[in-house]
Amino acid sequence: MSRSRSRSVQALVGAATALVVVTACGGADDSRARGTADDPVTVSFWAWTKGSQEVVDAFNATHDTIQVKFEEIPSGGLGGYPKIANAVKAGIAPDLLSIEYPQLSAFVSQGSLQDISPYLNEDIKKKFLPQTIEMTTLGGRNWAVPFDAAPQIFYYRKDFFAEHSIEPPATWDDFRDAAERVKKAAPRTRIATFFPDDPTFFQAMVWQAGAQWFRAGTDAWRIDTTDPASERTAAYWQGLIDDRLVSTASSFSPEWTGSLKQGTTVGYLGASWGAGVLAGIVPEQKGKWAAVRLPSQEASRPASGMVGGSTFAVSKGSTRTAAAVEFALWMATHEDAIKARIGASTSSALPAAPAMVPIAKRAFDTSFYGGQDLYGLFEEAGRSIGPQWVWGPSPGATNSALGDELGEVVSGGSTLPRALRKAHAATVADLRKRGLKVEEPS
């Protein structure tokens, strides 16, 4: 763990007003960690990830002392998180929850989750990519089992790039040059899309650049969405938008998917899980796509943020913590679970447990990408995820303000630097409304 991030998360323990890490410390007192074949422990599990039912079926078929009851819920952004929050408040939450990394600190701050540190010893934690353990550790305590990492990747139409003698970009300067050449070669075509409806897309870019929006001081949150790395990233993307070098269609919208099918968008700045998504959108373009690492400021210093990525957390009301954690660890670290998920959903998720990467690599069909070693690329990108990023306790307020402003940016009514300032103000206001102390840059 980086020294600065370690200080931040360790400080959370003492900052009781900033993050309520001591309100949900159940788990070690499980009365029934394991059942018997005649009377198994039943763990309830909510998730929206494709392939979850098949994973549960595989677990239930091979375990008789623990059984899992699965319920599919809407994805977090489409109502899953409010459903979880309401269930926790009503005391009817399931034992195990699927929660993305950006939302984890919010659920911890609300006292909705259990500290599962007693179940994750050092040998277990060593099974995971260090960055994923860092992102599930708050206040020196473990709050979730990492499932996957989601480093950024650049997918591109290799046939178009080859036809017009355009090299895949290694740096952001290269990316702008390539964007200009794409537009010149085909005036209606763009190299990639800036997604105005998805704040995590832009956040991943500032993360990659070295930004640190949230830090935990000794008794207050330090908020700064306008640091130099963020401002530099905002100015760069504002220039691409102003010069119409990138598309500004909403993510996964008919406009965006249509442009991929028509060949008027020839690149996708996505996460590792995006490989499977892209192949599903344009299967007729099999063999025409390839992937490279995300452009960085300097070619010799690869870096990545993350877009999404999932964890498994235990709700505060669960009395089956040990069994829930056992199932979560099985999902994240057992080859049968990886095979079941990828086989059912053509997922290209990068397992957070490196030992599972070869399993995922064998299970995922890369023929869409000409047989390219995608997982080798994903592993390299995963190792370059910046360790400095900490998610704050109010991602909803930050993302709502940023998302509203991004819509204005692409319509010409605002700018990305202004969007950063709006996000900063909204985050500070929300934290203070909740009674949390906030420090701002002088």
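What you see is a predicted model; the values in this text were computed from it and never measured. Nothing fancy with the numbering, it's 1 onward along the sequence.
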Does the plane of the ring in Phe312 sit parallel, tilted or perpendicular to the ring in Phe147? Use 30° and 60° as the thresholds.
tilted
Would you check if there is a donor-acceptor pair between the side chains of Thr427 and Ser394 at a distance under 3.5 Å?
no
4.5 Å side-chain heavy-atom contact, Val43 and Lys69
no
Report yes if some heavy atom in the side chain of Val409 is under 4.5 Å from a heavy atom in the side chain of Gln238; otherwise report no.
yes
What are the two closest non-hydrogen atoms of Met135 and Trp207, and how far apart are they?
SD-CH2, 3.5 Å
Got a donor-acceptor contact below 3.5 angstrom from the Thr257 side chain to the Phe252 backbone?
no
Closest non-hydrogen atom pair, Ser296 against Ala303:
CB-N, 4.2 Å
Could you go step by step and tell me if Glu122 and Lys126 meet the salt bridge (charged side-chain N to carboxylate O under 4.0 Å, His left out) rule?
CA-CA 6 Å; Glu122 289 304 313; Lys126 287 178 182 177; over 6 Å; no
When you compare the side chain of Thr346 with that of Asp365, does any pair of heavy atoms fall below 4.5 Å?
no
Using the rule given for side chain to side chain donor-acceptor pair (under 3.5 Å), can you reason through Asp227 versus Ser230, listing the C-alpha separation, both sets of side-chain angles and the distance that settles it, and then say yes or no?
CA-CA 5 Å; Asp227 63 355; Ser230 299; 2.5 Å; yes
Apply the side-chain hydrogen bond (donor to acceptor under 3.5 Å, both in side chains) test between Ser251 and each candidate in Asp197, Asp198, Thr193, Thr200; give the one that qualifies.
Asp197
Test item: Gln131 side-chain N/O and Ile385 main-chain N/O as donor-acceptor pair under 3.5 Å
yes
Check whether any side-chain N or O of Trp46 sits under 3.5 Å from a backbone N or O of Ile73 as a donor-acceptor pair, and report yes or no.
no
Is the CD atom of Glu71 crowded by more than 12 outside heavy atoms at less than 6.0 Å?
yes
For Asp174, does its backbone N or O pair with a side-chain atom of Asp177 as donor and acceptor, under 3.5 Å?
no
Which pair of non-hydrogen atoms, one from Arg176 and one from Tyr236, has the smallest distance, and what is that distance?
N-OH, 3.6 Å
Backbone N/O of Pro199 and side chain of Asn399: donor-acceptor pair under 3.5 Å
no
Using the six-membered ring wherever Trp is involved, compare the ring planes of Phe154 and Phe175 and label them parallel, tilted or perpendicular (cut-offs 30° and 60°).
perpendicular
Name the orientation class of the two ring planes belonging to Phe327 and Trp330 (parallel below 30°, tilted from 30 to 60°, perpendicular beyond 60°).
parallel
Any donor-acceptor N or O pair under 3.5 Å, side chains Gln297, Asp173:
no
If every non-hydrogen atom of Leu260 is compared with every non-hydrogen atom of Arg157, which pair is closest and at what distance?
O-NH1, 4.5 Å
Do other residues, nucleotides or ligands put more than 12 heavy atoms under 6.0 Å from Lys50 NZ?
no
For the residue pair Phe194 and Phe201, categorise the inter-ring angle as parallel (less than 30°), tilted (30 to 60°) or perpendicular (more than 60°).
perpendicular
Heavy atoms, side chains only, cut-off 4.5 Å: are Ile66 and Glu326 in contact?
yes
Kindly determine whether Phe161 and Ile191 satisfy side-chain contact (heavy atoms from CB on, under 4.5 Å), including the steps that lead there.
CA-CA 10 Å; Phe161 275 61; Ile191 191 172; 4.1 Å; yes
Whether the Trp389 and Glu134 side chains hold a donor-acceptor pair (N or O, under 3.5 Å, no angle test) is what I'd like checked.
no
Nearest heavy-atom approach of Ser52 to Ala47 is OG-CB, 3.9 Å
Evaluate the side-chain proximity of Gln212 to Asp224: yes if any heavy-atom separation is below 4.5 Å, no if none is.
no
Without swapping roles, check the side chain of His63 against the backbone of Phe59 for a donor-acceptor pair under 3.5 Å.
yes
Residues Leu377 and Arg293: closest non-hydrogen pair is CD1-N, 3.5 Å
Worked check of salt bridge (charged side-chain N to carboxylate O under 4.0 Å, His left out) between Glu440 and Arg432:
CA-CA 12 Å; Glu440 299 183 74; Arg432 286 177 173 161; 3.5 Å; yes
Mind checking the CE-OG1 spacing from Met356 to Thr333? Nearest 0.5 Å is all I need.
6.5 Å
Please determine if Glu54 and Arg341 form a salt bridge, counting it only when a charged side-chain N lies under 4.0 Å from a carboxylate O.
no
Asp404 with Lys422: basic N within carboxylate O range, under 4.0 Å
no
Hydrogens and angles aside, do Thr321 and Gln114 bring a side-chain donor and acceptor to less than 3.5 Å of each other?
yes
Quick check against the 3.5 Å criterion: does Tyr155 have a side-chain atom that pairs as donor or acceptor with the backbone of Ala271?
yes
Looking only at the side chains, is there a donor atom on one of Ser109 and Arg434 sitting less than 3.5 Å from an acceptor on the other?
yes
Please confirm whether the ring centroid of Trp213 lies under 6.0 Å from the ring centroid of Trp391.
no
Is the closest side-chain heavy-atom distance between Leu350 and Pro151 below 4.5 Å?
yes
Can a donor-acceptor pair be found, under 3.5 Å and without considering hydrogens, that links the side chain of Ser272 to the backbone of Phe378?
no
Main-chain N/O of Gly376 paired with Glu380 side-chain donor or acceptor, under 3.5 Å:
no
Report yes or no: does Thr136 contribute a side-chain atom to a donor-acceptor pair with the main-chain N or O of Thr132 at less than 3.5 Å?
yes
